Amino acid sequence: MTGALELATGSAGATRELAAAIAGRCLPGDVLLLSGDLGAGKTTFAQGFGRALGIDEPVTSPTFTLVRQYELEAAPRGIRVVLHADVYRLEHLAEVADLGLGQLVEEAGVALVEWGEAAEPVLGDGSLSVLLEADPDDDDRRALTVSSSGTAWDARWAGLAAALGPWTPGGSNGTPGGGDR
């Protein structure tokens, strides 16, 4: 593990902006494991991530379809497709493996996997984990922990940490209402 970044957002817009900052550091083959309770902001995160890569259509939760695939016209940094998966309803690791996300991202894709903690044994090596936690006292605030496994993010970690600096506690986007420029 490269480390963990403790971050905070004060609005859904700020969560989308933080996700966009992470998207700007992703490369083909990356897998992001999104974890958090219902309503923690996993789909909101996916919306900001997708918008930053050029997805114009609405990014919605893939809860009932399991995987949504978004083709990218511009192919930023060689990324031609974003896969947005939700493994909440899957009961066995074999079902996660059967989705074939690992193989699909190898072909110039990036995957966002909601309920990623369930997929971690299958997809976790080299992934970036994003834990989102809602503030029990403020519906708009989120605490986020970003960490990596394996070595895929080692060379990019300092740049990622710098890009996420505004959302560190006390950063301009981490304060209540921050990030709503």
Side-chain angles (χ1 to χ4, degrees), residues 1-9 12 15-53 55 59-70 77 79 81-134 142-157 159-161 163-164 167:
M1 176 167 6
T2 305
L5 300 170
E6 301 295 328
L7 310 165
T9 61
T15 300
R16 289 184 189 100
E17 289 176 9
L18 183 151
I22 292 175
R25 298 291 177 177
C26 284
L27 298 173
D30 283 339
V31 174
L32 281 75
L33 304 175
L34 308 179
S35 301
D37 291 337
L38 286 170
K42 296 179 294 292
T43 299
T44 299
F45 181 97
Q47 291 166 345
F49 188 95
R51 178 77 54 209
L53 291 176
I55 297 173
V59 174
T60 59
S61 177
T63 300
F64 296 102
T65 58
L66 297 182
V67 179
R68 292 189 190 276
Q69 184 168 321
Y70 301 93
R77 291 172 311 288
I79 300 169
V81 65
V82 173
L83 303 167
H84 183 199
D86 185 324
V87 298
Y88 180 73
R89 298 191 181 284
L90 301 183
E91 296 180 17
H92 305 287
L93 283 177
E95 293 174 299
V96 174
D98 288 345
L99 291 176
L101 296 174
Q103 293 78 16
L104 291 172
V105 297
E106 289 174 5
E107 299 170 10
V110 170
L112 299 170
V113 183
E114 294 193 26
W115 302 97
E117 67 278 9
E120 190 167 7
V122 176
L123 301 172
D125 188 37
S127 66
L128 191 69
S129 295
V130 180
L131 172 63
L132 295 103
E133 297 174 287
R142 299 290 181 267
L144 296 92
T145 303
V146 177
S147 59
S148 68
S149 66
T151 59
W153 283 88
D154 285 356
R156 295 180 277 166
W157 192 256
L160 178 66
L164 297 177
W167 293 278

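Bear in mind the structure is a predicted one, so any value in this text is a computation, not a measurement. Both backbone and side-chain heavy atoms feed into the values below; hydrogens, waters and symmetry mates do not.
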- Task: Might you work through the side-chain contact (heavy atoms from CB on, under 4.5 Å) test for Gln69 and Val81, ending with a clear yes or no?
- Result: CA-CA 7 Å; Gln69 184 168 321; Val81 65; 3.3 Å; yes

- Answer yes or no: is there a side-chain heavy-atom contact under 4.5 Å between Leu132 and Thr44? no

- Message: Measuring from atom CG of Leu164 to atom CG of Leu18, what distance do you get when rounded to the nearest 0.5 angstrom?
- Response: 5.0 Å

- Item | Interatomic distance, Thr145 atom OG1 to Leu7 atom CG [nearest 0.5 angstrom] | 7.5 Å

- Task: Measure across Trp153 and Ser148 and return the closest heavy-atom pair with its distance rounded to 0.1 Å.
- Result: CB-CB, 3.9 Å

- Message: Is any side-chain heavy atom of Phe49 closer than 4.5 Å to one of His84?
- Response: no

- Item | Shortest non-hydrogen separation from Ala19 to Gly48 and the atoms involved | CB-C, 4.1 Å

- Shortest non-hydrogen contact from Arg77 toward Pro28: O-CD, 3.3 Å

- Task: Working to the nearest 0.5 Å, report the span between CG of Leu32 and OG of Ser127.
- Result: 8.0 Å

- Query: Would you say Phe45 and Glu114 make side-chain contact, with heavy atoms under 4.5 Å?
  - Reply: no

- Ser147 side, atom OG; Trp157 side, atom CH2 - distance, nearest 0.5 Å: 6.5 Å

- Message: Are the side chains of Thr60 and Arg68 in contact, using a 4.5 Å heavy-atom criterion?
- Response: yes

- State, with a plain yes or no, whether a side-chain heavy atom of Leu160 is found less than 4.5 Å away from one of Leu128. yes

- Applying side chain to side chain donor-acceptor pair (under 3.5 Å), name anything that partners Arg16, two or more places apart in sequence or on another chain. Gln47

- Partners of Arg156 by salt bridge (charged side-chain N to carboxylate O under 4.0 Å, His left out), sequence neighbours excluded? Asp30

- Query: Which distance, rounded to the nearest 0.5 Å, do you find between the CH2 of Trp167 and the CD of Glu17?
  - Reply: 6.0 Å

- Message: How long is the straight-line distance from CG of Leu131 back to CD of Glu6, given to the nearest 0.5 Å?
- Response: 8.5 Å

- Task: Look only at the side chain of Lys42 and the backbone of Val113, and say whether a donor-acceptor pair between them is shorter than 3.5 Å.
- Result: no

